[in-house]
Amino acid sequence: MQFIIEGMSCESCVRHLTQAWTEVPGVTAVEVDLAGAIGRVQGAVEAETLIAIAADEGYVARLA
């Protein structure tokens, strides 16, 4: 699934969100693109879970 992400400003943001999403049970792959403000996640996980985790990290994510 693909998300539009608001609030990322640097590569550190990319690392934090990538790590947070990677740790979710069921996630098999994560790709976060700062320039495009896009996050892609593969695996058996609910979008709402990933959106909530992004919010905990300080970002706004919504399904693209």
Side-chain angles (χ1 to χ4, degrees):
M1 68 192 95
Q2 184 167 301
F3 298 89
I4 297 169
I5 305 166
E6 298 175 17
M8 294 190 305
S9 60
C10 63
E11 287 300 322
S12 180
C13 296
V14 171
R15 284 192 302 276
H16 287 133
L17 186 55
T18 299
Q19 180 177 350
W21 277 352
T22 300
E23 294 174 356
V24 176
V27 169
T28 58
V30 175
E31 178 186 346
V32 178
D33 174 30
L34 177 62
I38 297 289
R40 294 179 186 89
V41 179
Q42 296 178 356
V45 61
E46 296 289 326
E48 293 78 17
T49 299
L50 298 170
I51 290 169
I53 289 170
D56 287 347
E57 295 294 318
Y59 312 109
V60 176
R62 65 182 189 279
L63 283 172

Within one Ile-Leu-Val-Met-Phe-Trp-Tyr cluster: I4 and L34, side-chain cutoff 4.5 Å: no

Which heavy atom of D33 sits nearest a heavy atom of M8, and at what distance? O-CE, 3.9 Å

Report, one line per pair, each donor and acceptor closer than 3.5 Å where one atom sits in a side chain of residues 43-60; sequence neighbours left out.
none

Please output the side-chain donor-acceptor pairs of residues 11-18 that fall under 3.5 Å, not counting sequence neighbours, one pair per line with the distance.
{"from": "H16", "atom 1": "ND1", "to": "S12", "atom 2": "O", "distance (Å)": "3.1"}
{"from": "T18", "atom 1": "OG1", "to": "V14", "atom 2": "O", "distance (Å)": "2.7"}

I38 side, atom CD1; F3 side, atom CZ - distance, nearest 0.5 Å: 11.0 Å

